[in-house]
Amino acid sequence: MTIDPRQMSLDEQLELLFQGTEYGDPELERNMRRELRQRLEEAQRTGRPLRVYLGVDPRTSDLHLGHTVPMRKLRQFQELGHTAIFLIGSFTSLVGDPSDKDKARKLMSFEEVMANARTYTEQAFKVLDPERTVIRYNHEWLSKLTFGDLIHLASHFTVQQFLARDNFRKRYDKGDPIHLHEFFYPLMQGYDAVALEADVQIGGTDQTFNIIVAGRKLQEAHGQRPQVGIFLPLLPGTDGKMKMSKSLGNHIPLKASPEDMYGKIMSVPDEAMPLYMRLLTRWTPKEIAALEADLQAGRLHPRDLKMRIAREVVEIFHGPEAAARAEAHFVRVFQQREVPADMPTYTLRPGQTVLEVLVAAGLVQSRNEARRLIQQRGVRLDGQVLDDPRAPFPGPGVLRVGKRRFVRVAEAEP
RNA sequence: GGGCGGGUACCCAAGUGGCCAAAGGGGGCGGGCUGUAAACCCGCUGGGCUUCGCCCUACGGGGGUUCGAAUCCCUCCCCGCCCA
């Protein structure tokens with residue numbers, strides 16, 4: 001669905017672009033709205049599209065649902081005819097953004113980062129329009145800065161400004177280390193805006209400092225008009241509380257299988273569903289309000305709402321057929337407690353014990369783990385609990401560990 | 001550079017010679033409950049084994065004292081605070 005900008009008034013465009021955004025400070029939001037309106041108006045008048053960018057740091061090998069929130073905002077700009085720049089933080093990743101962390105991050109090697117960057121770009125086009133996306137890498141300019149350049153950039157800021165950021169503040173107050181190089185991160189990101197001559201930068205609410213304080217200031221210092229910051233709420237992870245991130249282990253990867261993505265969404269606590277609806281689905285605010293009203297009135301079971309959300313999200317990334325299959329799988333395995341349609345096969349070798357099969361089939365990580373699971377009655381063959389690790393394996397069937405680990409055990413070929 | 005305080009399992013954090021494979025919390029996993037892989041309750045959570053117990057490896061690295069060390073000593077590395 002492409003939006004024809006000529007069919008939307010300036011104010012309608014502005015409304016769309018600000019939909020779902022979150023600004024802690026109403027003053028900031030007013031200013032950003034005003035500035036964006038002005039730029040949209042200029043773009044329309046001069047025919048020069050805005051340069052809108054979103055940066056991601058490829059510190060891990062996969063994008064997750066949290067990344068897609070600002071990416072979809074970028075997509076909206078694309079659809080309104082603007083230039084979308086997907087910036088890979090090939091250089092900033094080496095340091096890691098201190099914004100969302102309460103501790104310093106490991107330094108990474110350039111090789112690691114570039115390997116991750118490749119997988120990022122592939123995954124990014126699940127959301128962005130490849131025809132209208134410019135991919136850039138910030139090592140292109142950041143690695144060329146001299147020490148003198150760095151000092152010049154740094155001279156625009158005070159230590160107090162940095163220490164006023166709550167994440168640095170907290171670490172400072174707790175006596176946790178703050179490494180000097182972490183202060184360079186906002187400078188680097190700010191310089192990205194300069195190098196890209198960005199009109200707009202999109203980011204999560206944790207990016208306020210990097211975008212507003214660092215980016216705008218450095219652009220001004222370089223004689224550019226400061227960019228407009230568009231901020232989106234942070235998507236909570238599978239724990240329902242903390243920001244989704246791989247390092248916290250609460251992420252849902254984009255490359256998860258449809259079944260896995262569906263299930264992971266179902267495992268997110270109910271309380272997080274309002275945000276999931278708003279940040280991940282294609283539903284309009286009106287539709288969301290109606291669903292919430294139904295939920296309130298008891299006409300809609302919380303689980304059913306979650307299932308709809310899960311299906312919608314899987315559909316966005318894997319298409320309608322895969323989403324339907326994922327839902328069927330979920331109903332079958334978790335509601336009806338039946339075995340899934342597909343599962344890996346393990347071929348039995350003569351004389352194997354229960355314990356040996358569990359290990360050999362890769363269902364457990366160690367023999368002790370297998371013993372524990374057996375003791376906890378978490379191992380079943382065709383529904384029968386197996387309670388003796390040393391017993392010979394009974395025979396072919398569906399071997400299940402816990403709720404979601406399955407292997408079809410087959411008889412050895414004669 | 002000096003003084004003081006620290007470095008404990010996936011994370012946070014107790015423990016200051018044996019009762020410590022190490023309290024507690026989080027996370028993860030298993031079970032129960034549930035028309036949710038939600039919430040809630042119970043349990044488990046280093047590896048190996050001939051498993052009411054035994055062996056190995058583990059409390060920043062290395063070395064030592066001791067019948068015995070996460071706990072004491074030496075040394076090295078790293079962090080915080082104060083001073084310079």
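Throughout, a chain's letter reflects where its sequence line sits, starting with A, and its residues are numbered from 1. Keep in mind that this is a model prediction, so the values were computed, not measured. When reading the values below, keep in mind they use all heavy atoms of this one structure, side chains included, and skip hydrogens, waters and symmetry mates.
- Rounded to whole Å, atom P of B:C81 lies 12 Å from atom CZ of A:R171.
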side-chain hydrogen bond (donor to acceptor under 3.5 Å, both in side chains) between A:N250 and A:T238, worked out: CA-CA 5 Å; A:N250 64 358; A:T238 48; 5.5 Å; no

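- Across the P atoms, B:C54 and B:A21 are found 11 Å apart, a figure rounded to whole Å.
- If you check B:U45, B:G35, B:A38 against the side chain of A:R303, the one that comes closest is B:G35.
- Of the candidate nucleotides B:A38, B:C29, B:U51, B:C29 has the atom nearest to the side chain of A:L373.
- Between A:E312 and A:R282 there is a salt bridge, since a side-chain N of the basic residue sits under 4.0 Å from a carboxylate O of the acidic one.
- Going from atom NZ of A:K264 over to atom P of B:G28 covers 11 Å, rounded to whole Å.
- Atoms CD (A:Q336) and P (B:G35) sit 13 Å apart, rounded to a whole Å.
- Nucleotides B:A69 and B:G18, compared at atom P, are 11 Å apart to the nearest Å.
- Per the geometry, CD belonging to A:Q375 stands 11 Å off C1' belonging to B:C52, to the nearest Å.
- In this structure, the nucleotide among B:A37, B:U36, B:G43 sitting nearest to the side chain of A:S267 is B:A37.
- The residue among A:Q335 and A:G402 whose nearest nucleotide of RNA chain B lies closer to the 5′ end is A:G402.
- Between the side chain of A:Q376 and the base of B:G43, a donor-acceptor pair under 3.5 Å is found.
- Rounded to a whole angstrom, the distance from the P atom of B:U66 to that of B:C81 is 40 Å.
- Rounded to whole Å, the C1' atom of B:G25 lies 34 Å from the corresponding atom of B:C76.
- For A:R337 and B:G32, the CZ to P distance is 7 Å, given to the nearest whole Å.
- Using a 4.0 Å heavy-atom distance criterion, A:D173 is classed as making no nucleic acid contact.
- Here the nucleotide nearest the side chain of A:N368, chosen from B:G48, B:A38, B:A37, is B:G48.
- The side chain of A:R371 contributes no N or O atom lying less than 4.0 Å from OP1 or OP2 of B:U51.
- Atom-to-atom, CG of A:D239 to C1' of B:A37 comes out at 14 Å; the value is rounded to the nearest Å.
- Across all strands, A:R390 comes closer than 4.0 Å only to sugar-phosphate atoms, never to a base (heavy-atom distances).
- A salt bridge links A:R278 to A:E292: one of the charged nitrogens lies within less than 4.0 Å of a carboxylate oxygen.
- Among the heavy atoms of the strands lying under 4.0 Å from A:R405 are primed sugar atoms or P, OP1, OP2 only; no base atom is included.
- Distance check on atom C1': B:C11 versus B:G27 gives 8 Å, rounded to whole Å.
- Using modelled atom types and a 3.5 Å distance limit, the side chains of A:N210 and A:Q207 yield a donor-acceptor pair.
- The side chain of A:D270 lies closest to B:A38, out of B:A37, B:A38, B:G80.
- Salt bridge absent: A:R400 and A:D382 never bring a charged side-chain N and a carboxylate O closer than 4.0 Å.
- Shown here for A:S267 and A:K264, the closest heavy-atom pair between the two residues is OG-O, 2.8 Å.
- Under the Watson-Crick or G-U wobble criterion, with both distances below 3.5 Å, B:A38 is left unpaired in every strand shown.
- Using a 4.0 Å heavy-atom cutoff across all strands shown, A:R377 reaches sugar-phosphate atoms only and no base atom.
- A:G249 comes within contact range of no nucleotide atom at all, as no heavy-atom separation falls under 4.0 Å.
- The residue among A:G175 and A:S366 whose nearest nucleotide of RNA chain B lies closer to the 5′ end is A:S366.
- Across the protein-nucleic acid pair, A:R404 atom CZ and B:G31 atom C1' stand 14 Å apart, rounded to whole Å.
- Looking at heavy-atom distances under 4.0 Å, A:Q365 makes no contact with the nucleic acid at all.
- Here, B:U16 and B:C72 have their P atoms 9 Å apart, quoted to the whole Å.
- Comparing B:G47, B:C49, B:A38 by their nearest atom to the side chain of A:R372 picks out B:G47.
- When the C1' atom is compared between B:G7 and B:G15, the two are found 15 Å apart, to the nearest whole Å.
- Remark: B:A70 base-pairs with no nucleotide; criterion is Watson-Crick or G-U wobble with both hydrogen-bond distances under 3.5 Å.
- Base pairing of B:U57: no nucleotide in any strand meets the Watson-Crick or G-U wobble criterion (both distances under 3.5 Å).
- A sub-4.0 Å separation between OP1 or OP2 of B:G31 and a side-chain N or O of A:R380 is present.
- Looking at A:R216 and A:E35, a side-chain N of the basic residue comes within less than 4.0 Å of a carboxylate O on the acidic one, giving a salt bridge.
- In this structure, A:F330 reaches the bases: a heavy-atom distance under 4.0 Å links it to at least one base atom across the strands shown.
- Regarding A:K403, its NZ atom lies at a distance of 12 Å from the P atom of B:U34, rounded to whole Å.
- The nearest pair of heavy atoms linking A:H222 to A:L153 is CE1-CD2, 3.7 Å.
- Annotation: B:G28 and B:G62 have their C1' atoms spaced 34 Å apart (nearest Å).
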